[in-house]
Amino acid sequence: MRKKGLIGKKLLSVITVLAVCGSVLGGCGSSADTAASGTAPADSAAAETGEAGAFDFASVSDVKFPLKEKLNMTVFVYATTTGGGTYQDNYVTDWIEEKTNIHLDFVYDVDGDDAKTKLNLVMTDPASMPDIFLATNWTKSEVQSYGQQGLLLPLNDYLKDAPNWNKMNEESPMRKADLVMSDGNIYTYGDQNECYHCRYQNRMYIYKPWVDALNGGKIPETTDELYDFLVKVKNEDPNGNGIADEIPMTGFIGGWATDPTVWMINSFIQCNNPLSNTNPTVGAGLVVKDGKIEYSVMKEEYREALRFMSKLYKEGLLDNQTFTQDNTQFSAALKNEDAHLVAMYPAGAPQNDEFWANKDGEWQDWEVIEPVAGPEGIRLTAKGLDNYFGSSIGSISANCKYPEIAVALFDFMATEEGTNVQAFGPEGLGWDWTTEGTSLAGGTPTYQKYVIPEDYDWLGNGWEKEYPDKHRTWVSDANVRCSSARFRGEMKIEDPAHDTEYYLQAAAEKYSKYDPGDDTIVPNLVFEGQDAQTISEGTLTIGGYVNQATVQFVTGDLDVDKDWDTYLQKLDSMGVQNYIDTYQKYYDAYTANAK
């Protein structure tokens with residue numbers, strides 16, 4: 001139960017916030033505007049005092065749905081995918097009301113610049129705050145700031161009694177730490193959408209017919225074997241056209257894990273620093289060793305990786321277009337109609353249209369090559385951590401009169417049933433439970449999803465109202481779910497041989513054998529004040545210089561032997577030690593709060 005004296009100890013502005021709880025929005029538990037939203041008004045006495053136990057609960061675990069009386073809750077949602085205006089008249093919203101007796105009044109259902117502007121105005125006018133912020137796209141620093149101003153409630157005490165929240169934390173040990181801010185408080189309920197194959201997205205693909213022709217079918221397992229194979233591709237004309245047009249290894253900067261340097265560097269030292277990536281990497285280039293933050297791009301092992309890549313580049317084994325070409329040029333090389341050209345390329349998924357269409361195609365001639373071992377036996381994969389903070393899922397404003405119910409609502413939504421309803425729509429129409437067939441993880445499934453036709457006749461099939469395409473589910477950015485890697489892996493796959501998700505899951509399982517360990521990866525930390533500026537500026541300037549120098553070392557514009565000390569001195573002059581120390585300061589707070 002909330003400590004009643006907590007909010008009263010906040011800033012003077014907080015007192016103002018509490019004084020206007022019953023203002024134009026009514027506050028959590030108000031029934032003043034429920035009639036206007038089309039729901040039956042609750043008994044006013046019960047709504048205000050919680051008589052007969054309608055809304056007055058000692059803890060989250062005491063809340064029982066459906067509530068005895070209708071409860072209205074006002075909501076803000078940043079509707080990034082739908083463009084706004086789709087949540088109020090939505091199947092999921094109606095389903096939640098039916099199951100809980102809570103009417104969600106989306107007084108703010110907005111997107112884009114309008115959402116940012118509206119949200120800023122709301123937070124500067126506490127009287128206009130809704131009860132719940134479902135999704136806001138706030139940064140962690142913004143959430144902590146609003147919490148410290150008393151505009152958002154700390155949820156620590158409430159969540160202790162939230163069974164599903166705690167169950168998710170047990171299944172995902174990194175989850176709670178990702179939601180605790182540096183001040184030790186939790187201001188968001190959080191998400192759980194574990195994309196297993198996204199954890200190991202820096203994958204390499206090798207053309208199997210050439211492996212069979214040149215290497216007796218043996219896929220390289222060491223950097224020496226990799227080098228020998230690439231030399232054969234360059235010199236032995238595997239496409240048989242009599243022209244030295246083969247490209248042993250290529251890639252490009254800016255696609256989904258299409259930067260080949262990440263894959264190769266991890267044969268020498270752990271590194272998660274892509275030169276560019278459509279999924280930005282938290283703490284790029286930083287690693288944790290025995291609790292201490294290190295910058296792997298300054299290590300001697302990183303220098304050895306640069307030597308290896310520079311050798312490949314100079315000998316024409318690494319495409320000299322890798323750092324200058326775009327996706328169009330990259331794709332043209334892969335899809336050349338005159339002759340097959342490429343032996344190896346990095347990407348998050350096979351670069352083939354038939355693959356994404358779940359059809360037979362040239363992608364079936366490519367195989368995922370596991371990380372190769374370097375000279376010192378290092379054989380790692382770059383790994384990204386799951387994001388449990390999401391788009392800032394589930395915060396409660398200081399205006400809310402019944403936070404126990406609000407947290408219980410989030411906890412209800414984060415059931416397996418609630419997760420499926422939010423993602424797929426009605427049970428029996430958008431999804432079903434099942435124990436037949438093959439699951440994503442290769443075992444027995446527990447559920448399957450369907451595609452609801454766009455022209456589905458809701459009224460003709462007995463539904464009370466029509467739900468247009470964007471009103472059937474909640475978009476993923478605003479879902480409160482329990483989609484762990486385990487639960488996601490239990491989804492039925494109709495045709496494993498032609499399913500993109502199944503393929504990527506299997507690819508990730510190959511790479512998981514070389515996982516460096518969660519305790520070696522720098523998480524998404526919360527920085528405050530000047531420290532936030534230090535990290536923001538350092539990520540751009542220091543990180544930008546590292547990426548520039550990496551390319552120059554590989555291409556030969558910088559000499560790995562002659563210019564290495566100058567490279568380190570430049571980083572030192574840019575304040576790299578302060579950058580690392582700032583990360584260490586907040587990592588120490590993170591680990592302390594995670595206990």
Side-chain angles (χ1 to χ4, degrees), residues 173-174 177-178 198-203 223 257 259-277 279-309 346 371-387 508 511-527 531 534-536 538-547 549-550 553 564 567-568 571-572 574-592 594:
M174 301 292 288
D178 197 26
C198 299
R199 294 173 178 172
Y200 312 101
Q201 61 179 314
N202 292 98
R203 298 181 278 267
T223 50
D259 170 10
T261 66
V262 180
W263 187 83
M264 289 188 283
I265 291 170
N266 275 278
S267 294
F268 296 83
I269 189 173
Q270 181 184 346
C271 186
N272 69 335
N273 184 43
L275 299 182
S276 177
N277 197 302
N279 296 323
T281 302
V282 172
L286 296 167
V287 297
V288 182
K289 184 176 181 180
D290 299 326
K292 298 300 180 182
I293 303 287
E294 296 182 349
Y295 208 11
S296 61
V297 299
M298 299 176 68
K299 299 292 184 179
E300 192 64 30
E301 295 88 343
Y302 190 83
R303 187 182 187 184
E304 288 301 317
L306 293 175
R307 283 197 180 97
F308 177 72
M309 293 186 292
V372 296
E376 302 301 321
I378 302 299
R379 195 175 189 181
L380 297 170
T381 180
K383 183 182 182 181
L385 293 176
D386 293 289
N387 178 7
Y511 274 60
S512 68
K513 294 182 292 184
Y514 310 100
D515 188 317
D518 289 345
D519 60 347
T520 68
I521 300 173
V522 177
N524 185 11
L525 303 173
V526 188
F527 302 98
D531 292 334
T534 296
I535 296 301
S536 178
T539 300
L540 291 175
T541 58
I542 295 173
Y545 172 68
V546 166
N547 289 349
T550 295
F553 279 126
W564 181 254
Y567 162 73
L568 295 180
L571 287 174
D572 185 61
M574 296 177 76
V576 69
Q577 190 57 54
N578 184 46
Y579 181 70
I580 296 170
D581 290 345
T582 303
Y583 257 105
Q584 185 70 56
K585 171 184 174 182
Y586 287 88
Y587 179 74
D588 290 342
Y590 167 90
T591 55

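Scanning both residues, Ala508 and Tyr200, for their nearest heavy atoms gives O-CD1, 3.7 Å. Taking both residues in full, the closest heavy atoms of Glu300 and Trp564 are given as OE1-NE1, 4.2 Å, listed atom of the first, atom of the second, then distance. Across all non-hydrogen atoms, the minimal contact from Phe308 to Met264 is CE2-SD, 4.2 Å. Among all heavy-atom pairs drawn from Arg203 and Trp263, the shortest one is C-CD1, 4.4 Å.
Taken to the nearest 0.5 Å, the CD1 atom of Ile293 stands 14.0 Å off from the NZ atom of Lys585. With rounding to the nearest 0.5 Å, the separation of CE in Met174 from CG in Leu385 is 5.0 Å. Note that CG of Asn266 and OG1 of Thr261 are 9.5 Å apart. Values are rounded to the nearest 0.5 Å. The line from CD1 of Ile378 to OG1 of Thr223 is 11.0 Å long, rounded to the nearest 0.5 Å. Atom-to-atom distance recorded for Asn272:CG and Lys383:NZ is 12.0 Å, nearest 0.5 angstrom. Here the CD1 atom belonging to Ile580 is positioned 12.5 Å from the NZ atom belonging to Lys292, to the nearest 0.5 angstrom.
Checking each of Asp386, Asp518, Asp515 against Arg199 for a salt bridge (charged side-chain N to carboxylate O under 4.0 Å, His left out) leaves exactly one that passes, namely Asp386. For the ring-ring contact (aromatic ring centres under 6.0 Å, His included) test with Phe527, the passing option among Tyr579, Tyr583, Tyr587 is Tyr583; the others fail.
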(request) Could you check Thr381 against Lys513 for side-chain contact (heavy atoms from CB on, under 4.5 Å), going step by step and ending with a plain yes or no? (result) CA-CA 9 Å; Thr381 180; Lys513 294 182 292 184; over 6 Å; no

(request) List the steps, then state whether side-chain contact (heavy atoms from CB on, under 4.5 Å) holds for Asn547 with Asn273. (result) CA-CA 8 Å; Asn547 289 349; Asn273 184 43; 3.0 Å; yes

(request) Begin with the C-alpha distance, continue with both residues' side-chain angles, and end with the deciding distance and a verdict on side-chain contact (heavy atoms from CB on, under 4.5 Å) for Thr550 and Leu306. (result) CA-CA 7 Å; Thr550 295; Leu306 293 175; 3.9 Å; yes

(request) Show the numbers, then the answer: is there a side-chain hydrogen bond (donor to acceptor under 3.5 Å, both in side chains) between Asn202 and Asp259? (result) CA-CA 8 Å; Asn202 292 98; Asp259 170 10; over 6 Å; no

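Aromatic rings of Tyr590 and Tyr586 (six-membered ring for Trp) have centroids beyond the 6.0 Å cut-off, not under it.
Put simply, the side chain of Pro523 does not reach to within 4.5 Å of the side chain of Asp178, judged on heavy atoms.
Judged by distance alone, with hydrogens and angles left aside, the side-chain atoms of Ser296 form no donor-acceptor pair with the main-chain N or O of Cys271 at under 3.5 Å. Under a 3.5 Å cut-off, the side chain of Glu294 and the backbone N or O of Val287 do not form any donor-acceptor pair. Side chain of Gln201 to backbone of Ala382: no donor-acceptor contact under 3.5 angstrom is found.
Relative ring orientation between Tyr567 and Phe553 is described as perpendicular, the plane-to-plane angle rising above 60° on a 0-90° scale split at 30° and 60°.
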